[in-house]
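Let me begin by presenting the structure, written as structure tokens, before commenting on it.
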2 protein chains.
Amino acid sequence: MNRRDRNSDDLELFELLEKLGELTDATGIPELLGRLLDIYGLKTVAYLGSGVTAQPGQSPYLAVTYSNEWVDHYKAQRFVDIDPTVQIGMRRMLPIDWDELDRADEDVRRLFGEAKEFGLGRRGISLPVHGQHGDRALVSITSDASDRDWRYLRLHYMRDFQMLALHMHQAILRLEGKTVEQARLSPRERECLLWVAEGKTAWETAVILGLSEHTVRCYLESARHKLGAANNTHAVNKAGKVGLLTQLP
Amino acid sequence: MNRRDRNSDDLELFELLEKLGELTDATGIPELLGRLLDIYGLKTVAYLGSGVTAQPGQSPYLAVTYSNEWVDHYKAQRFVDIDPTVQIGMRRMLPIDWDELDRADEDVRRLFGEAKEFGLGRRGISLPVHGQHGDRALVSITSDASDRDWRYLRLHYMRDFQMLALHMHQAILRLEGKTVEQARLSPRERECLLWVAEGKTAWETAVILGLSEHTVRCYLESARHKLGAANNTHAVNKAGKVGLLTQLP
DNA sequence: CCGGAATCCGGTGTATCTGCCGGATTTACG
DNA sequence: CGTAAATCCGGCAGATACACCGGATTCCGG
């Protein structure tokens with residue numbers, strides 16, 4: 001693959017980031033992924049998000065340039081359970097080069113073998129993304145670059161896609177409506193909920209804040225109503241997801 | 001400031017990342033921060049980490065190139081409570097340019113005014129980092145670049161420091177020996193906790209999962225013990241922070 | 001073969017939560 | 001000047017959570 005001029009790539013990167021921030025619905029995502037393939041000379045790009053949708057226990061969010069055949073085959077074979085890029089990648093912070101993965105397992109070698117047949121590149125990188133409340137994503141790219149090029153390219157891929165992955169995750173969170181309906185809690189309501197989230201009872205919270213237990217209960221009730229929560233546990237979960245409980249040092 | 005050759009900067013970046021990965025004790029950090037100032041022509045660099053030490057409720061981890069006077073003054077004035085770079089930066093995913101911050105507040109203007117007197121640059125960016133276990137960090141850089149240069153530089157700073165911030169955080173986690181005592185919940189425990197987090201009662205959860213109410217209570221009790229939580233609310237909060245409620249099966 | 005973990009089920013007494021009733025003052029905003 | 005929101009306080013009945021007691025089978029690895 002020919003190395004392109006760095007600065008022209010840079011411009012395209014920043015334009016793409018801007019586009020990601022301006023997306024208004026999910027239909028634009030495949031086109032953006034396609035442009036990534038062109039700009040960086042990649043074989044495939046994939047986004048796998050977990051905890052980005054509102055409902056629990058939902059299947060993960062998927063946006064890929066893979067063929068439908070590969071996606072179907074992957075699902076049918078339950079590859080996700082053994083795929084080291086997912087199993088390892090989702091449990092670390094730094095990006096990982098697929099060359100570093102352990103391929104001792106028979107099933108794993110089969111996975112990579114079949115992946116190649118379905119059009120994935122020989123080289124790959126997966127970049128983990130960590131959101132604010134347990135939401136996570138994994139952006140994986142593959143390439144057919146030569147060994148010599150790869151040594152050089154992988155570092156630049158890691159750098160650019162670290163940004164791209166983050167912005168992509170943010171965009172998808174936004175599109176999935178995770179950032180809307182930000183309920184506004186009063187300081188006292190937030191404070192009470194904060195201590196309840198730490199496992200304190202209403203009585204303990206009252207002592208901590210120097211209030212009557214009944215007052216604390218009232219604040220909690222109010223907070224539940226504002227958040228549309230069925231109980232304190234639900235309220236803590238909802239508030240936590242939108243960053244209302246992020247207490248600072 | 002003169003723009004340096006991109007590729008030479010790139011090499012230095014990747015060397016720095018490697019050095020960060022090889023650090024064996026915290027004494028090497030100030031030197032690394034100093035090199036960042038040289039390489040990127042910055043005025044200051046600062047790392048603020050929360051939840052990186054083993055014990056909870058500890059004071060945040062700080063590694064800065066600021067003068068001691070500024071750090072002392074900042075603490076004495078309790079600036080952290082009003083500092084928008086911290087208040088906003090710690091609550092978002094994407095980096096933020098200090099120019100975008102709201103400076104309507106009188107105290108905020110005083111903060112930025114005094115910061116300049118103590119040697120911080122006129123321009124700044126803060127980059128949030130999210131770890132796997134609810135740990136967070138904020139890497140802030142300042143510069144005295146001209147308006148024209150800044151427009152160009154900020155994007156490249158954001159890109160390089162996105163990586164640097166991540167690796168810096170990872171290095172500090174490693175040096176602080178942050179034990180990954182990630183509680184391991186059984187699938188059933190996780191499932192029960194998931195529905196309780198959605199506001200369901202034990203009885204409702206039992207119906208959803210096709211179990212007896214008592215069994216659900218047992219799983220929840222077990223989950224509480226594993227997580228060291230005082231009650232279900234506490235357990236949901238703890239599990240949510242570390243992604244136990246959103247991760248793949 | 002044995003220990004541990006995961007999957008299930010039942011009961012009981014007490015603590016806590018939740019919803020709903022009532023009241024109050026202060027502050028901010030149009 | 002009225003209205004709304006935030007800050008506080010009290011009580012009560014029923015639902016729910018919590019801890020601690022007991023039991024069971026299955027599966028996996030040492």
Side-chain angles (χ1 to χ4, degrees), chain A residues 57 78 81-82 87 104-107 181-240 244-245, chain B residues 104-107 181-240 244-245 247-249:
Chain A
R78 296 189 156 280
D81 294 332
I82 60 148
Q87 296 296 326
D105 189 80
E106 176 60 35
D107 291 330
E181 58 163 321
Q182 172 85 293
R184 230 176 51 81
L185 298 185
S186 79
R188 278 306 204 192
E189 288 162 350
R190 209 174 64 88
E191 215 166 0
C192 288
L193 205 55
L194 202 59
W195 287 109
V196 169
E198 293 300 321
K200 307 300 180 189
T201 67
W203 181 83
E204 288 169 327
T205 304
V207 172
I208 291 169
L209 298 178
L211 299 173
S212 80
E213 179 179 347
H214 181 266
T215 300
V216 171
R217 290 190 192 285
C218 277
Y219 285 138
L220 290 173
E221 187 174 356
S222 171
R224 284 194 302 272
H225 278 121
K226 285 186 178 176
L227 292 163
N231 51 41
N232 286 344
T233 305
H234 196 190
V236 163
N237 191 37
K238 278 193 161 190
L244 284 172
L245 299 183
Chain B
D105 189 80
E106 176 61 34
D107 291 330
E181 42 176 292
Q182 172 86 291
R184 232 175 46 84
L185 298 184
S186 80
R188 278 306 203 195
E189 288 161 350
R190 215 169 56 83
E191 216 167 359
C192 288
L193 206 53
L194 200 60
W195 287 109
V196 169
E198 293 300 319
K200 308 299 180 191
T201 66
W203 181 84
E204 289 169 326
T205 304
V207 172
I208 292 170
L209 299 178
L211 299 173
S212 80
E213 179 179 346
H214 181 266
T215 300
V216 171
R217 289 191 192 286
C218 276
Y219 284 138
L220 290 173
E221 186 174 357
S222 172
R224 284 195 302 272
H225 278 121
K226 284 185 179 179
L227 292 163
N231 51 40
N232 286 346
T233 305
H234 196 191
V236 163
N237 190 37
K238 278 193 160 188
L244 280 172
L245 300 182
Q247 79 184 20
L248 305 172

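First the proteins, then the strands, lettered A, B, ... as listed; each starts at 1.
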Would you mind reading off the distance between [X] atom [atom1] and [N] atom [atom2], rounded to a whole angstrom?
| X | N | atom1 | atom2 | result |
| --- | --- | --- | --- | --- |
| A/R224 | D/dT16 | CZ | C1' | 12 Å |
| A/H234 | D/dT16 | NE2 | P | 16 Å |
| A/R184 | D/dA6 | CZ | C1' | 10 Å |
| B/Y219 | D/dA17 | OH | P | 17 Å |
| A/L185 | D/dT7 | CG | C1' | 15 Å |

Tell me what A/A230 touches on the nucleic acid: a base, only sugar-phosphate, or nothing, going by heavy atoms under 4.0 Å.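 Contact class for A/A230: sugar-phosphate only.
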
Considering only heavy atoms from C-beta outward, does the side chain of [X] approach that of [Y] to under 4.5 Å?
| X | Y | value |
| --- | --- | --- |
| B/E204 | B/V207 | no |
| B/N232 | B/R224 | yes |
| B/Y219 | B/L211 | yes |

Of the residues in residues 203-218 of chain A, which ones touch DNA chain D at a heavy-atom distance under 4.0 Å?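 Hits under 4.0 Å, by residue number: A/L211, A/S212, A/H214, A/T215, A/C218.
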
Looking at B/S222 and B/C218, would you say the former's side chain and the latter's main chain have a donor-acceptor pair under 3.5 Å?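 No, the answer is negative, given that no donor and acceptor are paired below the 3.5 Å cut-off.
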
A/N237 side chain to B/A197 backbone, donor-acceptor under 3.5 Å: yes

State whether B/E213 and B/R217 are salt-bridged, where the test is any N-O pair (Lys NZ or Arg NE/NH1/NH2 against Asp/Glu carboxylate O) under 4.0 Å.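 Result for this pair is yes, salt bridge flagged.
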
Which residues pass the side-chain hydrogen bond (donor to acceptor under 3.5 Å, both in side chains) test with [X], not counting sequence neighbours?
| X | value |
| --- | --- |
| B/E191 | B/R188 |
| B/T233 | A/T233 |
| B/K226 | B/E189 |

Under 4.0 Å from any heavy atom of chain B: name the first and the last nucleotide of DNA chain C that qualifies, 5' to 3'.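 The footprint of chain B covers C/dA6 to C/dG11.
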
I need the minimum non-hydrogen distance between A/C192 and A/L209, along with the two atoms involved.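 Here A/C192 and A/L209 meet closest at SG-CD1, 3.8 Å.
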
Closest nucleotide of DNA chain C for B/E189 versus for B/N231: which of these residues is on the 5' side?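 Comparing both residues, the 5'-ward one is B/E189.
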
Report the end-to-end axis angle of the helix from C/dC1-D/dG30 to C/dG30-D/dC1; each axis comes from five terminal pairs, and the value is rounded to 10°. 60°

Do the side-chain N or O atoms of A/S186 get closer than 4.0 angstrom to the phosphate oxygens (OP1, OP2) of D/dT7?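 Answer yes for this pair, as a side-chain N or O of A/S186 is under 4.0 Å from OP1 or OP2.
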
Please say which of A/T205, A/L244, A/L227 ends up in a side-chain contact (heavy atoms from CB on, under 4.5 Å) with A/L193. A/L227

